[in-house]
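In what follows, a single structure is set out as structure tokens and then discussed.
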Amino acid sequence: MGQSHSQSQTHISVLPNEVVVSILQHLPPQEIKSAVLVCKSLREMGEKPRFWTWAVVTVNTKDDLQKLKRPRLQMVQEIDVTQGSHGGTGVQCNWIKEEGLADLFQVIGEIPTVKRIRGLEFCKGIQDIEPDLVVGVLNSLEELKLCYGFAEEDGEEDEEEDDEEDEEEDEEKEQEMEQEMQMKLSTEQLELLFTAVAEKTNLKFLQVSGQDMLKDMDKTDETDEVDEMDQMDEMDTISPELFAAAVSNVEEVILKEHFKEDITSKQFEALYSIIAVEDRPVRKFTCL
């Protein structure tokens, strides 16, 4: 006479916590989202920040900042502020780009794991933020476009590629090109940032353009009879040595001059010298 075999189901709640955690660690993002909805015990374990490091948090409005205060997102690595001019409703969706940067930095200051902020270079108000907070946030990133001025395409290859793209893609590129990059630091912020980067940084990519590398000539004594070239040598906002130490401490660097005073000749000389003499972290250097 045949025997029937019944299979009993074991609820996941009876498994040891370390086993459940091990299972959760191997789940893809979509499965994690589903798992926390299964039961209370899974939700409690699945809310741990280490399971949500993959999440990209979109911030357009002031209300969006509340997302970054959720316990599960306290180890988030990427924030996206690029949609400010594309989605949402008018003034509300432009909040982050027009006036919300200080509030965003305050929140990010509590989340040291943030490595990337998409669209940061298009947000206004960086100079109004407390210098130490600016340096703390920017120096903890892996990618930073320290740029001020209109975005431009470079090289003939890009132009040839544009000819091959369809009309919709061309229009999207034109809209991006019309956006003015706003990441212009104050003298104090710039000096503190370069000092921090020269000492220790998480930055792996750095692009610099449109920063004031010369002090305001109006502040000099007009009655001082000093040779103009000798005077210019002393006008560096960032000393050549500090500039060289900071820039050469990042793996990939792009230096682009929008204006004549962006980067001084002595700063360039110091940078080339330190790269030639010392084994610095910089591996790819582009000057446009």
Side-chain angles (χ1 to χ4, degrees), residues 29 33 47 49 52-152 168-169 171-190 192-193 202-203 205-212 258:
K33 292 180 181 179
E47 284 291 310
W52 299 87
T53 57
W54 52 268
V56 178
V57 182
T58 300
V59 178
N60 293 323
T61 69
K62 194 167 186 175
D63 290 339
D64 287 340
L65 292 178
Q66 297 304 314
K67 301 176 187 177
L68 294 170
K69 297 181 180 180
R70 295 175 184 172
R72 68 166 66 169
L73 296 177
Q74 295 311 296
M75 292 178 66
V76 70
Q77 297 182 12
E78 188 164 354
I79 295 172
D80 187 349
V81 298
T82 61
Q83 298 302 310
S85 59
H86 302 292
T89 58
V91 175
Q92 190 178 46
C93 73
N94 278 322
W95 172 82
I96 186 61
K97 291 189 175 181
E98 296 295 331
E99 58 182 281
L101 194 59
D103 291 332
L104 176 64
F105 271 44
Q106 287 288 350
V107 175
I108 294 179
E110 304 295 326
I111 310 176
T113 55
V114 174
K115 297 179 180 179
R116 290 172 295 280
I117 307 176
R118 297 182 191 172
L120 174 63
E121 63 272 22
F122 297 109
C123 296
K124 298 178 180 179
I126 188 75
Q127 292 191 7
D128 299 327
I129 304 175
E130 199 273 323
D132 287 337
L133 178 58
V134 170
V135 173
V137 172
L138 297 186
N139 198 37
S140 66
L141 301 178
E142 288 188 349
E143 302 174 6
L144 175 60
K145 291 184 178 181
L146 204 61
C147 304
Y148 180 79
F150 285 100
E152 297 178 2
E168 291 185 2
E169 291 177 335
E171 289 178 2
E172 289 179 2
K173 280 197 171 185
E174 287 177 7
Q175 290 177 356
E176 290 178 359
M177 299 286 286
E178 290 174 357
Q179 296 186 72
E180 186 175 7
M181 294 179 287
Q182 302 289 340
M183 239 354 72
K184 187 171 186 177
L185 273 57
S186 68
T187 300
E188 182 181 5
Q189 291 171 337
L190 198 60
L192 287 175
L193 177 61
N202 287 331
L203 287 172
F205 172 84
L206 173 65
Q207 181 174 345
V208 181
S209 66
Q211 304 301 313
D212 284 336
H258 277 292

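Rounding to the nearest 0.5 Å gives a distance of 9.0 Å between SG of C123 and CD of E98. Distance check: L138 CG to L203 CG gives 8.0 Å after rounding to the nearest 0.5 Å. Considering CD1 of I79 and CG of L73, their distance stands at 9.5 Å, rounded to 0.5 Å. For the atom pair SG (C147) and CD (Q182), the distance works out to 11.5 Å, reported to the nearest 0.5 Å.
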Return a table of donor-acceptor pairs under 3.5 angstrom between the side chains of residues 126-136 and protein atoms on other chains or two or more places apart.
{"from": "Q127", "atom 1": "NE2", "to": "K184", "atom 2": "O", "distance (Å)": "3.0"}
{"from": "E130", "atom 1": "OE1", "to": "D132", "atom 2": "N", "distance (Å)": "3.2"}
{"from": "E130", "atom 1": "OE1", "to": "L133", "atom 2": "N", "distance (Å)": "3.0"}
{"from": "E130", "atom 1": "OE2", "to": "D132", "atom 2": "N", "distance (Å)": "3.3"}

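Of the possible polar contacts, one joining the Q211 side chain to the M183 backbone as a donor-acceptor pair under 3.5 Å is found. Between the side chain of K67 and the backbone N or O of T58 there is at least one donor-acceptor pair closer than 3.5 Å.
Between R118 and E78 there is a salt bridge, since a side-chain N of the basic residue sits under 4.0 Å from a carboxylate O of the acidic one. Checked for salt-bridge contact, K124 and E99 miss the test: no charged N lies under 4.0 Å from a carboxylate O.
Side-chain contact check for T61 and D63: no donor-acceptor pair (N or O, by modelled atom type) lies under 3.5 Å.
Residues passing the side chain to side chain contact (heavy atoms under 4.5 Å, CB included) test with T53, sequence neighbours excluded: M75, Q77.
At least one side-chain heavy atom of V57 sits under 4.5 Å from a side-chain heavy atom of L68.
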